[in-house]
Amino acid sequence: QLQLVESGGGLVQPGGSLRLSCAASGFRLDYYAIGWFRQAPGKEREGVLCISTKGGITNYKDSVKGRFTISRDNAKNTVYLQMNSLKPEDTAVYYCAARPILGYCSRSVPDFPSWGQGTQVTVSS
């Protein structure tokens with residue numbers, strides 16, 4: 001059974017850093033494009049960034065460029081989201097999602113059929 005589990009969320013002060021992990025089980029992550037999404041209270045879920053199967057294609061939301069980095073370790077079946085210089089507006093539940101497609105990357109919610117349960121990120125002093 002395909003399963004994605006996010007971890008690494010928490011409370012951090014503005015300007016701080018967090019690294020989120022998305023661990024896959026039940027399938028080989030290297031056949032899947034991965035997206036990171038977030039949803040703040042009262043807002044729609046939005047695509048933050050994505051990475052293609054071999055990492056050659058990435059797509060970043062403008063507001064996180066230069067602060068967030070996505071990477072993948074296919075040997076560990078895990079994708080990472082490194083978040084630096086965090087801002088209060090980054091506060092949200094963060095989700096990873098997977099789509100079985102090669103050479104493709106998307107930040108569109110409907111493009112991804114498989115989702116993790118989410119991890120809370122709170123940026124506050």
Side-chain angles (χ1 to χ4, degrees):
Q1 181 178 356
L2 188 155
Q3 188 175 14
L4 295 167
V5 178
E6 302 95 336
S7 61
L11 173 64
V12 63
Q13 293 186 342
S17 298
L18 282 175
R19 188 176 82 156
L20 306 184
S21 298
C22 172
S25 61
F27 67 104
R28 284 187 56 174
L29 200 58
D30 51 348
Y31 293 141
Y32 287 72
I34 299 296
W36 279 100
F37 297 79
R38 67 186 181 187
Q39 188 166 17
K43 295 187 176 181
E44 293 187 354
R45 190 170 300 188
E46 64 175 4
V48 180
L49 31 61
C50 63
I51 189 167
S52 60
T53 49
K54 294 186 177 181
I57 302 171
T58 57
N59 185 307
Y60 288 72
K61 180 179 175 63
D62 285 346
S63 62
V64 306
K65 286 180 181 178
R67 301 189 298 121
F68 290 12
T69 304
I70 189 170
S71 62
R72 62 192 302 156
D73 186 337
N74 288 336
K76 294 184 178 180
N77 230 24
T78 301
V79 174
Y80 303 98
L81 173 58
Q82 178 66 45
M83 305 187 295
N84 300 324
S85 302
L86 282 161
K87 304 175 181 181
E89 52 263 42
D90 295 319
T91 295
V93 177
Y94 282 71
Y95 301 87
C96 64
R99 176 176 175 173
I101 187 169
L102 301 179
Y104 178 83
C105 179
S106 167
R107 291 190 290 110
S108 177
V109 171
D111 283 351
F112 289 84
S114 302
W115 292 80
Q117 83 290 346
T119 185
Q120 176 71 46
V121 171
T122 303
V123 185
S124 175
S125 55

Answer yes if Tyr32 and Val109 sit in the same cluster of Ile, Leu, Val, Met, Phe, Trp and Tyr residues linked by side chain heavy atoms under 4.5 Å apart, and no otherwise.
no
Please name all residues satisfying side chain to side chain contact (heavy atoms under 4.5 Å, CB included) with Leu102, sequence neighbours left out, ordered by chain then number.
Thr53
Working to the nearest 0.5 angstrom, can you tell me the gap between Leu2 CG and Arg28 CZ?
14.0 Å
Atom of Leu4, atom of Gln117 and distance for their closest heavy-atom approach
O-OE1, 3.6 Å
Closest heavy-atom pair, Asn59 versus Arg107, reported as atoms and distance to 0.1 Å, is OD1-NE, 2.5 Å
Shortest non-hydrogen contact between Ser124 and Pro14, atoms and distance:
C-CD, 3.6 Å
Count the heavy atoms of every other residue, nucleotide or ligand shown that sit under 6.0 Å from CD of Glu89, and state whether that count exceeds 12.
yes
Any side-chain heavy-atom pair from Glu6 and Leu20 closer than 4.5 angstrom?
no
Stepwise, does the side chain to side chain contact (heavy atoms under 4.5 Å, CB included) test hold for Arg38 with Glu46?
CA-CA 6 Å; Arg38 67 186 181 187; Glu46 64 175 4; 2.7 Å; yes
Do the non-hydrogen side-chain atoms of Pro100 and Pro113 ever get within less than 4.5 Å of each other?
yes
Salt bridge flag under 4.0 Å for residues Lys87 and Asp90
no
Please name all residues satisfying side chain to side chain contact (heavy atoms under 4.5 Å, CB included) with Ser108, sequence neighbours left out, ordered by chain then number.
Ser106, Pro110, Asp111
Output for pair (Ile70 CD1, Cys105 SG), nearest 0.5 Å, gives 7.0 Å
Would you please name every residue forming a side-chain hydrogen bond (donor to acceptor under 3.5 Å, both in side chains) with Arg19, sequence neighbours left out?
none
Contact between Gln39 and Tyr95 at the side-chain level, heavy atoms closer than 4.5 Å - yes or no?
yes
May I have all residue pairs that pass ring-ring contact (aromatic ring centres under 6.0 Å, His included) and include part of residues 36-86, sequence neighbours excluded?
Phe37-Phe112, Phe37-Trp115
Out of curiosity, Arg72 CZ to Leu29 CG, how far, rounded to the nearest 0.5 Å?
5.0 Å
Does the Asn74 side chain pair with the main chain of Tyr31, one donor and one acceptor, at a distance under 3.5 Å?
no
Closest heavy-atom pair and its distance - Asn84, Ser17:
OD1-OG, 2.9 Å
Which hydrophobic side chains are connected to Leu11, either touching it within the sub-4.5 Å cutoff or through other members that do?
none
For a 4.5 angstrom cut-off between non-hydrogen side-chain atoms, does Thr58 reach Leu49?
no
Note: Val123 and Thr91 closest approach over all heavy atoms is N-OG1, 2.9 Å
Note: with side-chain heavy atoms under 4.5 Å as the link, the other cluster members for Tyr104 come out as Ile101
For residues Ser85 and Arg67, report the shortest heavy-atom separation together with the two atoms involved.
O-NH1, 3.0 Å
